[in-house]
Each structure stands twice: as C-alpha cells, then as structure tokens.
Amino acid sequence: MRVVIIGAGSVGRSIARELLTKGRSVTLVDRSVSPEKRTSVTGVQWVEGDAAELAVLSEADVASADVVVAATGDDKVNLVASMLSKTEFLVPRTVARVSHPSNEWMFGDMWGVDVAVSTPRTMTALVEEAVSVGRIVKIFSFSGSRTDMVEITIPRRSPIVGRLVGSMRWPASCVLVGIIRDGQPIAPSAHDALEAHDELMFLAESEHLQALEELLAPPSAPQDPEELPSIRTEEMPSVRPEER
C-alpha cells in the first residue's frame with residue numbers, strides 16, 4: 001500500500017514512522033523540507049512544495065497512492081489537498097486532520113474527505129472513556145454515513161452482566177465489534193459471557209444510541225425507607241376488659 005502524507009510536522013512524521021513499521025510505502029510532502037526533517041524520518045520519499053498546487057501533487061505521484069493523509073495544521077490546506085486528491089487524481093481514500101473543531105462540518109464528501117480526524121474531539125472522547133461507565137462515548141464518525149464507532153462500559157449492576165453475547169438482542173443498527181476486558185481486546189463470539197466493566201465497542205447509527213444505553217443501564221436503586229411515604233393508620237379505640 002502506498003500512502004502520501006501532506007504535512008511533515010510532528011503529526012505527519014509520526015504517522016509516517018508508524019506506517020513504515022507496517023511495511024507501507026510513504027511519501028511526505030511539505031512546504032519546507034529541512035535537513036532535520038529528512039533525517040528524522042528515513043526510508044520515505046520527500047517532496048517539497050505547496051500541496052494545494054496540482055504540480056506538487058503530481059510530483060508526489062498522488063495518482064498512484066492508495067491513501068492520501070492531509071495532516072498539516074492548516075485546515076484550508078487539508079481541505080484543498082483532499083479535494084484535489086479525490087477529484088483530480090481519483091485517490092480511493094483520503095484522511096484529513098481537523099485542527100479547529102468549528103471547521104469540522106466542512107470535512108466531508110463535498111471537500112473530498114472520506115475520514116476526518118479531529119484531535120480535540122478524539123482527546124475529549126478518550127477523557128470521557130476514562131471516566132464514564134454506562135454512558136455512550138463516541139470515538140469517531142464515518143464520513144458520508146450516519147454510523148459512529150462508540151464505546152460503552154458495562155456498569156456493575158447492569159442486567160446484561162453474565163449473559164452470553166449470542167443471547168443478546170442489541171438495538172437495531174447496533175453491531176458489537178469488539179470487547180476490551182482487563183486491557184485486552186476480545187473478538188466477541190456467541191459463547192462469550194459479558195462481565196461488569198467490559199468495554200463494548202459498537203458500530204451504530206446515532207438514533208439508536210439511547211436505546212443501547214438504556215439496555216445496559218442498572219435497575220433503579222431501591223428507594224430509601226426513610227423516603228417511602230408514611231402509611232396513615234386510624235387510632236384504634238381502647239377496649240376495656242369488661243367489654244371484651
């Protein structure tokens with residue numbers, strides 16, 4: 001697989017190193033390719049120039065890329081590079097970094113973006129995932145569809161604890177794709193029993209997430225006896241022994 005990465009900042013170089021360890025062919029495109037940048041990532045092809053220009057993308061041979069990753073810190077450059085890659089060079093897959101959440105609405109099909117990655121949103125999701133039990137945490141959304149990757153941790157008193165995966169009837173359009181238990185990933189099978197604090201990973205449509213959350217919710221806690229309404233009793237008249 002050949003990947004072209006637009007932007008050789010810390011993010012772009014980090015992605016390049018990771019892809020190289022997986023045996024991918026990588027080309028890095030940056031406006032300014034310093035000797036320090038070249039030595040920081042070896043084994044890649046370097047192209048210097050503005051990725052918003054067709055000539056630079058042609059020099060990077062974007063047309064032969066399987067994936068283009070627009071990873072600069074400038075949302076405008078990422079959008080233009082993604083659109084040109086998709087429309088002019090017919091790249092099968094584009095992934096674009098969103099630096100400012102207010103611009104996230106533009107990172108979609110109309111600008112040639114298949115997958116948008118928002119660092120602030122991802123960090124927020126990780127924080128929520130670390131502290132939330134029994135609440136849906138949205139990891140990311142798939143561009144051009146209503147499908148999200150979400151995580152929910154099973155509460156200790158959830159009614160599904162102990163049930164087999166195969167016996168569950170998840171809400172419509174909610175597909176269980178993975179379980180994380182004690183930090184280890186598990187490919188769910190019909191015979192796996194669900195445990196408290198399992199982290200369940202779902203592909204799901206947004207409108208069904210509330211039903212999924214309700215399915216895992218613990219039963220309402222019993223009411224405190226002191227909060228129960230008092231029962232009024234009429235005072236019984238005293239009965240003298242001779243009247244018995």
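In what follows, every heavy atom counts, from backbone to side chain, and hydrogens, waters and symmetry copies are set aside. Predicted, not measured: the structure shown is a model, and the values here were computed from it.
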Kindly give the heavy-atom pair with the smallest separation between [X] and [Y], and that separation in Å.
| X | Y | value |
| --- | --- | --- |
| Ala96 | Ser82 | CB-OG, 3.7 Å |
| Leu164 | Ala190 | CB-O, 3.6 Å |
| Ile152 | Glu213 | CD1-CA, 4.0 Å |
| Ala60 | Val47 | CA-CG2, 3.9 Å |
| Asp114 | Pro92 | OD2-O, 3.5 Å |

Return yes if a side-chain donor-acceptor contact under 3.5 Å exists between Arg13 and Ser40, otherwise no. yes
Distance only, no hydrogens: is a donor on one side chain within 3.5 Å (strictly under) of an acceptor on the other, for Arg97 and Thr72? no
Test side-chain contact (heavy atoms from CB on, under 4.5 Å) on Leu203 and Met149 and set out the steps. CA-CA 5 Å; Leu203 292 176; Met149 170 69 81; 3.7 Å; yes
Return yes if some donor-acceptor pair links the side-chain N/O of [X] with the main-chain N/O of [Y] below 3.5 Å, else return no.
| X | Y | answer |
| --- | --- | --- |
| Lys86 | Val91 | yes |
| Asp50 | Val56 | no |
| Asp75 | Ser99 | yes |
| Asp182 | Gln184 | no |
| Ser58 | Leu54 | yes |
| Thr39 | Pro35 | yes |
| Ser158 | Leu216 | yes |

What's the verdict on side-chain contact (heavy atoms from CB on, under 4.5 Å) for Val29 and Ile5, showing C-alpha distance, side-chain angles and the deciding distance? CA-CA 6 Å; Val29 182; Ile5 301 173; over 6 Å; no
Pairing of [X] and [Y] as salt bridge, 4.0 angstrom limit:
| X | Y | value |
| --- | --- | --- |
| Arg2 | Asp66 | no |
| Arg181 | Glu195 | yes |
| Arg146 | Glu207 | yes |

I'd like to check [X] versus [Y] (side-chain heavy atoms, cut-off strictly below 4.5 Å). Are they in contact?
| X | Y | result |
| --- | --- | --- |
| Val115 | Thr94 | no |
| Arg17 | Val41 | yes |
| Phe202 | Asp148 | no |
| Glu48 | Arg31 | no |
| Val3 | Ser25 | no |
| Asp30 | Lys37 | yes |
| Asp61 | Thr27 | no |
| Val44 | Leu20 | yes |

First locate atom [atom1] of [X], then atom [atom2] of [Y], and finally report the distance between them rounded to the nearest 0.5 Å.
| X | Y | atom1 | atom2 | value |
| --- | --- | --- | --- | --- |
| Met201 | Glu151 | CE | CD | 6.0 Å |
| Trp111 | Met106 | CH2 | CE | 7.5 Å |
| Leu90 | Ser85 | CG | OG | 10.5 Å |
| Trp170 | Leu200 | CH2 | CG | 5.5 Å |
| Leu19 | Met1 | CG | CE | 6.0 Å |
| Gln45 | Leu28 | CD | CG | 9.5 Å |

Step by step, work out the side-chain contact (heavy atoms from CB on, under 4.5 Å) result for Ile180 and Ile186. CA-CA 6 Å; Ile180 300 176; Ile186 298 172; over 6 Å; no
Would you check, one step at a time, whether the test side-chain hydrogen bond (donor to acceptor under 3.5 Å, both in side chains) holds for Glu104 with Ser102? CA-CA 6 Å; Glu104 196 169 350; Ser102 60; over 6 Å; no
Given the rule in the side-chain contact (heavy atoms from CB on, under 4.5 Å) test, do Leu194 and Ile179 qualify, once you have shown the distances and angles that lead to the verdict? CA-CA 9 Å; Leu194 297 167; Ile179 300 172; 4.1 Å; yes
